[in-house]
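Note sheet for the following structure.
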Amino acid sequence: MSKQFDVVVIGGGPGGYIAAIRAAQLGFQVACVDEWKNATGGPALGGTCTNVGCIPSKALLQSSEHFDQANHHFAEHGISMGKVEMDVGQMLARKDMVVKQNNDGIQYLFKKNKIAFFHGRGAFVGSSDTGHTVQVSGAVDETLTAKHVIVATGSSARALPGTPFDEVNVLSNDGALRVGAVPKKLALIGSGVIGLEMGSVWRRLGADVTILEGLPTFLGAVDQQIAKEAKKAFDKQGLKIELGVQVGDIKVGKKGVTVAYTNAKGEAVVLDADRLIVSIGRVPNTTGLNPAAVGLALDERGAIVVDGDCKTNVPGIWAVGDVVRGPMLAHKAEEEGVAVAERIAGQHGHVNFNTIPWVIYTSPEIAWVGRTEQQLKADGVAYKAGTFPFLANGRARALGDTTGMVKFLADAATDEILGVHIVGPMASELIAEAVVAMEFKASAEDIARICHAHPSLSEATKEAALAVDKRTLNF
Ligand code: FAD
Ligand code: NAI
């Protein structure tokens with residue numbers, strides 16, 4: 001006998017669990033199915049983000065940043081200490097504890113919102129008058145039916161053809177977060193977000209890190225003035241990034257991995273490494289979902305086809321997050337989850353794709369919202385630019401981190417903010433002001449006229465807005 005719900009959510013990552021909570025808040029009877037297992041086979045709600053993505057990577061970035069500070073920066077403050085050592089086991093245990101706190105937090109939220117949770121894999125069986133039916137197999141075997149099903153099955157790391165992940169020598173993001181000792185030599189393929197964040201963790205801990213990138217441009221999606229500034233900082237840190245390479249044979253042996261590649265000059269090179277992280281993008285998860293049973297359309301990448309409202313081609317089935325088009329970001333998945341639950345309730349859920357912020361949690365951090373200078377040029381938009389360096393910001397000097405800048409791009413005629421790009425300390429937090437400003441269609445002058453606390457990094461944001469009108473006060 002199938003259990004009837006108003007809404008069944010398949011996937012308990014940021015897209016799915018947030019959709020389930022919002023639907024429950026709106027008064028629906030909600031079930032969520034998720035198959036992720038913790039080390040002992042129990043449920044581990046939170047998906048990629050909580051288990052092997054956003055949360056554990058930020059935990060390791062924090063630990064390695066502390067190590068780097070103690071090694072290289074404490075002395076400037078007059079703090080001396082003996083030899084600084086890193087207990088990688090303790091660092092990983094702390095990371096696991098942070099992950100578990102988040103897993104448990106979501107289970108608590110499900111109980112609080114009376115969401116029925118089913119631990120197992122969900123697969124479509126078919127549709128009838130009572131709704132769409134989902135078979136759950138795993139820790140529990142159940143059949144669930146609902147008029148509305150939200151698919152939030154997320155994504156998995158893309159492997160290089162012929163080089164599967166073994167998570168010992170060739171690592172995806174999963175294995176990269178479980179390396180038990182600092183590798184002497186670490187190779188990464190792909191200098192995107194994961195490559196830079198994971199490369200930074202192990203570089204700070206002392207690994208000799210080389211990142212091989214296929215494209216000739218560093219961080220091509222990032223405003224190039226910001227990307228260049230970031231690259232200078234990474235070069236200084238000893239992060240070796242080779243652009244425009246063509247990766248060839250990869251051999252896995254007892255002593256590690258060798259990667260043969262052709263560099264940008266056309267020379268053949270062989271790189272030896274103890275471990276290889278492959279971070280070349282991610283693929284949507286639809287394996288085992290049996291989308292054909294309900295006639296759900298997929299695109300050529302395997303993503304579920306949706307319209308701007310996350311509606312699939314099957315009435316009553318919705319899809320959100322990494323399994324559909326758009327940036328693969330946790331907050332984008334969450335926004336879509338909320339909007340879909342509200343649309344099911346007959347409300348006007350809305351996601352503004354123009355104001356989704358991006359953050360790369362390296363040191364310096366890189367964060368942006370809106371269009372880059374190169375995009376505005378390509379779109380033929382007349383714009384004004386204003387930048388302000390952290391070097392001229394009192395709080396940044398006091399912090400001892402003056403790398404980078406804030407950059408504003410505003411419409412030449414109306415002064416409306418079109419993009420804000422930051423490389424520097426706490427860029428991840430500073431970008432929120434720019435998102436709010438753009439959401440409210442603020443002009444650069446609006447930000448320039450707002451009182452910002454002194455001394456704070458946010459004064460650099462105000463000064464960059466002033467710079468659009470060529471009237472910075474402190475530079
Ligand atoms: P997921 O989080 O992938 O969750 C999908 C869930 O569905 C999983 O639990 C999966 O097991 C389950 N599932 C799949 N199929 C089935 C099925 N048939 N039945 C039952 N359950 C199923 N984004 C950011 O915004 N900020 C960051 O700092 C950030 N850092 C990242 C770092 C790394 C290393 C990685 C890999 C990603 C990072 N991301 C970050 C991206 C972010 O993790 C994803 O965008 C986000 O998790 C997508 O959420 P989702 O709900 O769509 O899918
Ligand atoms: P990515 O798309 O960010 O970067 C992949 C890089 O690999 C690109 O620069 C690409 O040109 C390169 N590449 C692809 N194929 C290659 C090949 N054969 N040889 C050499 N280079 C190749 O993907 P990544 O880093 O795997 O991350 C996946 C996604 O996860 C990100 O796009 C992002 O959406 C999300 N993420 C977000 C984070 C954040 O918000 N801070 C952190 C980590 C991941």
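Order of appearance sets the numbers: ligands from 1, and atoms from 1 within every ligand. Just so you know, residue 1 is the first one in the sequence shown, and it goes up from there.
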Checklist entry - Any chance the side chains of E65 and Q69 put a donor and an acceptor closer than 3.5 Å? => result yes
Item to check | Under 3.5 Å side-chain donor-acceptor pair for Y17 and E334 | outcome: no
Checklist entry - Which residue holds the protein heavy atom closest to atom 20 (C) of ligand 1, what is that atom called, and what is the gap in Å? => result G120 O, 3.4 Å
Next on the checklist: What protein heavy atom lies closest to atom 26 (O) of ligand 2? Include the residue and the distance to one decimal.
Outcome noted: G281 N, 2.8 Å
Item to check | Nearest option to atom 36 (N) of ligand 2, as decided by whichever heavy atom of I189, V193, V247, V283 sits closest | outcome: V193
Next on the checklist: Please list, in number order, the atoms of ligand 2 under 4.0 Å from a heavy atom of L215.
Outcome noted: 11 (O)
Next on the checklist: Below 4.0 Å, non-hydrogen atoms only: which portion of A176 touches ligand 1? Side chain, backbone, both or neither.
Outcome noted: neither
Checklist entry - For atom 11 (O) of ligand 1, what is the nearest protein heavy atom, given as residue, atom name and distance? => result W36 CE3, 3.4 Å
Checklist entry - Among G46, S137, C49, G12, which residue places a heavy atom closest to atom 43 (O) of ligand 1? => result C49
Checklist outcome for this item: Nearest non-hydrogen contact to atom 7 (O) of ligand 2 from the set S428, G190, G195 belongs to G190
Next on the checklist: Please check this pair: side chain of H331 against backbone of P357, looking for a donor-acceptor N/O pair closer than 3.5 Å.
Outcome noted: yes
Item to check | Contacting atoms of ligand 1, where contact means under 4.0 angstrom from a heavy atom of R121 | outcome: 18 (N), 19 (N), 20 (C)
Checklist entry - What about G214: any of its N or O atoms under 3.5 Å from an N or O on ligand 2? => result yes
Checklist entry - Does K228 pair with E373 as a salt bridge, N-O distance under 4.0 Å? => result no
Checklist entry - Taking the minimum heavy-atom distance to atom 39 (N) of ligand 1, which of C54, S155, P284, P56 ranks first? => result C54
Checklist entry - Do any nitrogen or oxygen atoms of T48 come within less than 3.5 Å of a nitrogen or oxygen of ligand 1? => result yes
Next on the checklist: Looking only at the side chains, is there a donor atom on one of E242 and N263 sitting less than 3.5 Å from an acceptor on the other?
Outcome noted: no
Next on the checklist: Is there a polar contact between ligand 1 and G53, counting only N or O atoms under 3.5 Å apart?
Outcome noted: no
Next on the checklist: Does the residue R158 have a heavy-atom contact with ligand 2, meaning some pair of atoms that are separated by less than 4.0 Å?
Outcome noted: yes
Next on the checklist: Geometry only, no angles: is M328 polar-contacting ligand 2 at N/O separations under 3.5 Å?
Outcome noted: yes
Next on the checklist: Considering both backbone and side-chain atoms of G15, is one of its nitrogen or oxygen atoms within less than 3.5 Å of a nitrogen or oxygen in ligand 1?
Outcome noted: yes
Next on the checklist: Please state which option from G11, G122, A123, A44 has its nearest heavy atom closest to atom 19 (N) of ligand 1.
Outcome noted: G122
Checklist entry - Any N or O of R282 that comes nearer than 3.5 Å to an N or O of ligand 1? => result no
Checklist entry - Do P43 and F117 touch side chain to side chain, with heavy atoms closer than 4.5 Å? => result yes
Next on the checklist: Distance alone, cut at 3.5 Å: any donor-acceptor contact between the side chains of S172 and D174?
Outcome noted: no
Next on the checklist: Test of understanding: given a 4.0 Å heavy-atom threshold, classify the contact between Q246 and ligand 2 as side chain, backbone, both, or neither.
Outcome noted: neither
Next on the checklist: With nothing but distance in play, are any N or O atoms of N173 less than 3.5 Å from an N or O of ligand 1?
Outcome noted: no
Next on the checklist: Within the 4.0 Å heavy-atom shell around V52, which atoms of ligand 1 are there?
Outcome noted: 34 (C), 36 (C)
Next on the checklist: List ligand 2 atoms under 4.0 Å from R282, heavy atoms only on the residue side.
Outcome noted: 28 (C), 29 (C), 30 (O)
Checklist outcome for this item: If you compare G192, P216, P161, S191 by their heavy atoms, the one closest to atom 4 (O) of ligand 2 turns out to be G192
Next on the checklist: Checking the N or O distance criterion of under 3.5 Å, is ligand 2 in contact with E197?
Outcome noted: yes
Checklist entry - Looking only at protein heavy atoms, which one is nearest to atom 21 (N) of ligand 1, and how far off is it? => result E35 N, 3.3 Å
Checklist entry - Is Y17 in contact with ligand 1, taking contact as a heavy-atom separation below 4.0 Å? => result no
Next on the checklist: Test your reading of the structure: does G321 have an N or O sitting under 3.5 Å from an N or O of ligand 1?
Outcome noted: no
Checklist entry - Does the side chain of E213 pick up a donor-acceptor pair with the side chain of S191 at under 3.5 Å? => result yes
Next on the checklist: For ligand 1, which is the ligand I care about here, please tell me if A333 has any N or O atom under 3.5 Å from one of the ligand's N or O atoms.
Outcome noted: no
Checklist entry - Do N51 and N103 meet the criterion of a side-chain donor-acceptor pair at a distance under 3.5 Å? => result yes
Checklist entry - Should D6 and K147 count as an ion pair when the cut-off is N to O under 4.0 Å? => result no
Next on the checklist: Between ligand 1 and V323, can you find any atom pair, the residue atom being a heavy atom, that is separated by under 4.0 Å?
Outcome noted: no
Item to check | Minimum-distance protein heavy atom relative to atom 49 (O) of ligand 1 | outcome: P14 CD, 3.4 Å
Next on the checklist: If we count only N and O atoms by modelled type, under 3.5 Å, do the side chains of T133 and T145 hold a donor and an acceptor together?
Outcome noted: yes
Checklist outcome for this item: The closest protein heavy-atom partner of atom 45 (O) of ligand 1 is D322 OD1, 2.8 Å
Checklist entry - Do any nitrogen or oxygen atoms of S57 lie less than 3.5 angstrom from nitrogen or oxygen atoms of ligand 1? => result no
Item to check | Between R282 and N173: side-chain donor-acceptor atoms closer than 3.5 Å | outcome: yes
Checklist entry - Which ligand 1 atoms are under 4.0 Å away from a heavy-atom of G47? => result 2 (O), 4 (O), 8 (C), 9 (O)
Item to check | Residue, atom name and distance, where the atom is the protein heavy atom closest to atom 18 (N) of ligand 2 | outcome: L160 CD2, 3.7 Å
Checklist entry - How about N285 and S156: does a side-chain donor come under 3.5 Å of a side-chain acceptor? => result yes
Next on the checklist: Does ligand 1 come near enough to G288 that some N or O of the ligand is less than 3.5 Å from an N or O of the residue?
Outcome noted: no
Checklist outcome for this item: In ligand 1, the atoms that come under 4.0 Å of a heavy atom of A152 are 5 (C), 6 (C), 7 (O)
Item to check | Any K58 heavy atom less than 4.0 Å to ligand 1 | outcome: yes
Next on the checklist: Please compare L243, I194, L61 and report which has the shortest non-hydrogen distance to atom 44 (C) of ligand 2.
Outcome noted: I194
Checklist entry - Hey, does the side chain of Q62 reach the backbone of A59 with a donor-acceptor pair shorter than 3.5 angstrom? => result no
Checklist entry - At what distance is the nearest protein heavy atom to atom 12 (C) of ligand 1, and which residue and atom is it? => result D34 OD1, 3.3 Å
Item to check | Min heavy-atom dist P327 to ligand 2 below 4.0 Å | outcome: no
Item to check | Identity and distance of the protein heavy atom lying nearest atom 15 (N) of ligand 1 | outcome: T153 CG2, 3.3 Å
Next on the checklist: Between the side chains of K185 and D272, is the shortest nitrogen-to-carboxylate-oxygen separation below 4.0 Å, so that they form an ion pair?
Outcome noted: no
Checklist entry - Nearest protein heavy-atom contact for atom 25 (O) of ligand 1: which residue, which atom, what distance? => result A330 N, 2.9 Å
